[in-house]
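Below, all heavy atoms of this structure are taken into account, side chains as well, without hydrogens, waters or symmetry copies.
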Amino acid sequence: MKRKVIMKKIVILLAISLLGIAGSIHAATPLVDVAWITANAGKSGIVFVDLRGNAAYLRGHVPGAIHTNYGKDGWREKNSGGIIGMIPSSTKLAKLFGGLGIGNNDHVVLLPPGNSSSDMGIGTRIYWTFKVMGHDAVSILNGGMKAYKKSKATLEKGKLKLASKTFTPHWRNDMIVSRADVKKALEAGVPLIDSRTYDQYVGLNQHPKAKSKGTIPGAIVLPQNWLTVGGKGSFRSNSELKKIYDASGIPTSGEQITFCNTGHWASIDWFVGSELVGNKQTQMYDGSMVDWTADSSMPMERKLSY
């Protein structure tokens, strides 16, 4: 009888432990601050991923943080149609995640440089990639490593590599938006949000890989650098963001699709819309204007012609 009681207690303790792990994973918030980082550095089940250049990482990083190169490690690729910056297959990404030492039960905390809104986009694009892979336990350090260093928090030098793990993808195909999907959304009157700079939106300038100038007809411009304080590395408060949406004529609920040139800046608008403002019907067009303009039959609007 005594043995049964002991075994029952062990089972209960294990269940509580597992619930605690699950709770920590599902409690992952989109943004964490420096205080959260310092309080959780070194804890089991949390993988800190430094997204700066390798030299900056080696000079000093969050204790226990690993490093990945956004441009070289396979986070994005040219697809079979020649469109740059596209999300790779689930198989390739699972190999990348596992090779970094990230498993399905890990809470991933992304550490962008934090110098500008655009380099915070490294964090939001990778965050979106984890979400597409079905991994919800992911957060971004608000303000990035610039904020961490400014706080004079502890830095660790050198390179750290974690043991490889197996990552099993749970691909969310509903998060992948194709050119045809955008065309249907355009015809249905779904708001299309242009995350690019205003000069590109009106057709004054264009990305070197885009085939023509301008924007998708009827698109609303919301430059990604409006969404951080001073265009730097800290996201604006939710109340400020909602005021910006209101002033721009963008609803904070209902279907909408963000786009830019290659799905980098658009990930910032997607992150703000979906994860901060809370509109879970926000989607991102990965191929964006480089993909859209690759098909000359797709409609374009140029507000400034000369």
Any donor-acceptor pair under 3.5 Å from Trp36 side chain to Leu31 backbone
no
State whether a side-chain donor-acceptor pair under 3.5 Å links Asn279 with Ser253.
no
Quick check: does any side chain N or O of Asn142 sit under 3.5 Å from a backbone N or O of Phe235, one acting as donor and the other as acceptor?
yes
Heavy atoms of other groups near Lys131 NZ, more than 12 under 6.0 Å
yes
Just by distance, do the side chain of Gln224 and the backbone of Thr197 share a donor-acceptor pair under 3.5 Å?
no
Taking atom types as modelled and ignoring hydrogens, do the side chains of Thr124 and Ser267 form a donor-acceptor contact shorter than 3.5 angstrom?
yes
Met298 CE to Arg179 CZ distance, which is reported to the nearest 0.5 Å
6.5 Å
4.5 Å side-chain heavy-atom contact, Pro299 and Trp292
yes
Do Ser139 and His107 meet the criterion of a side-chain donor-acceptor pair at a distance under 3.5 Å?
yes
Those residues at least two apart in sequence (or on a different chain) that pass salt bridge (charged side-chain N to carboxylate O under 4.0 Å, His left out) with Lys211 are none
Hey, does the side chain of Asp194 reach the backbone of Cys260 with a donor-acceptor pair shorter than 3.5 angstrom?
no
Show every ring pair (Phe, Tyr, Trp, His ring centres under 6.0 Å) that has at least one partner inside residues 141-179, sequence neighbours left out.
Phe97-Phe167, His135-Phe167
Without hydrogens or angle criteria, can the side chains of Ser237 and Ser239 be said to hold a donor-acceptor pair below 3.5 Å?
yes
Hits for salt bridge (charged side-chain N to carboxylate O under 4.0 Å, His left out) against Lys280, two or more places apart or cross-chain, chain-then-number order -> Glu275
Do side-chain atoms of Asp246 reach the backbone of Lys242 as a donor and acceptor pair under 3.5 angstrom?
no
Electrostatic pair Arg125:Asp286 at N-O distance under 4.0 angstrom
yes
When you compare the side chains of Trp75 and Thr68, does any donor N or O come within less than 3.5 Å of an acceptor on the partner?
yes
So does Lys303 pair up with Glu301, basic N to acidic O under 4.0 Å?
yes
Would you please classify the geometry between the Tyr201 ring and the Tyr198 ring as parallel, tilted or perpendicular, with 30° and 60° separating the classes?
tilted
Using atom types as modelled and distance alone, determine if a side-chain donor or acceptor of Glu156 lies under 3.5 Å from a backbone N or O of Gly64.
yes
For Arg76 and Tyr70, which I'm curious about, is there any donor-acceptor pair between the side chains at under 3.5 Å?
yes
For the residue pair Ser288 / Asn261, report whether a side-chain donor-acceptor contact shorter than 3.5 Å exists.
no
Has Thr38 got a side-chain atom pairing as donor or acceptor with Ala35's backbone, closer than 3.5 angstrom?
yes
Has Ser195 got a side-chain atom pairing as donor or acceptor with Phe259's backbone, closer than 3.5 angstrom?
yes
Any luck finding a side-chain donor-acceptor pair between Tyr285 and Asp291 under 3.5 Å?
yes
Quick test of your reading of the model: are Asp50 and Lys159 salt-bridged, counting only N-O distances below 4.0 Å?
no
Whether the Thr258 and Asp269 side chains hold a donor-acceptor pair (N or O, under 3.5 Å, no angle test) is what I'd like checked.
no
Taking atom NZ of Lys183 as the centre, report whether more than 12 heavy atoms of other residues, nucleotides or ligands fall under 6.0 Å from it.
no
Quick check for you: to the nearest 0.5 Å, what is the distance between Glu77 atom CD and Lys92 atom NZ?
3.5 Å
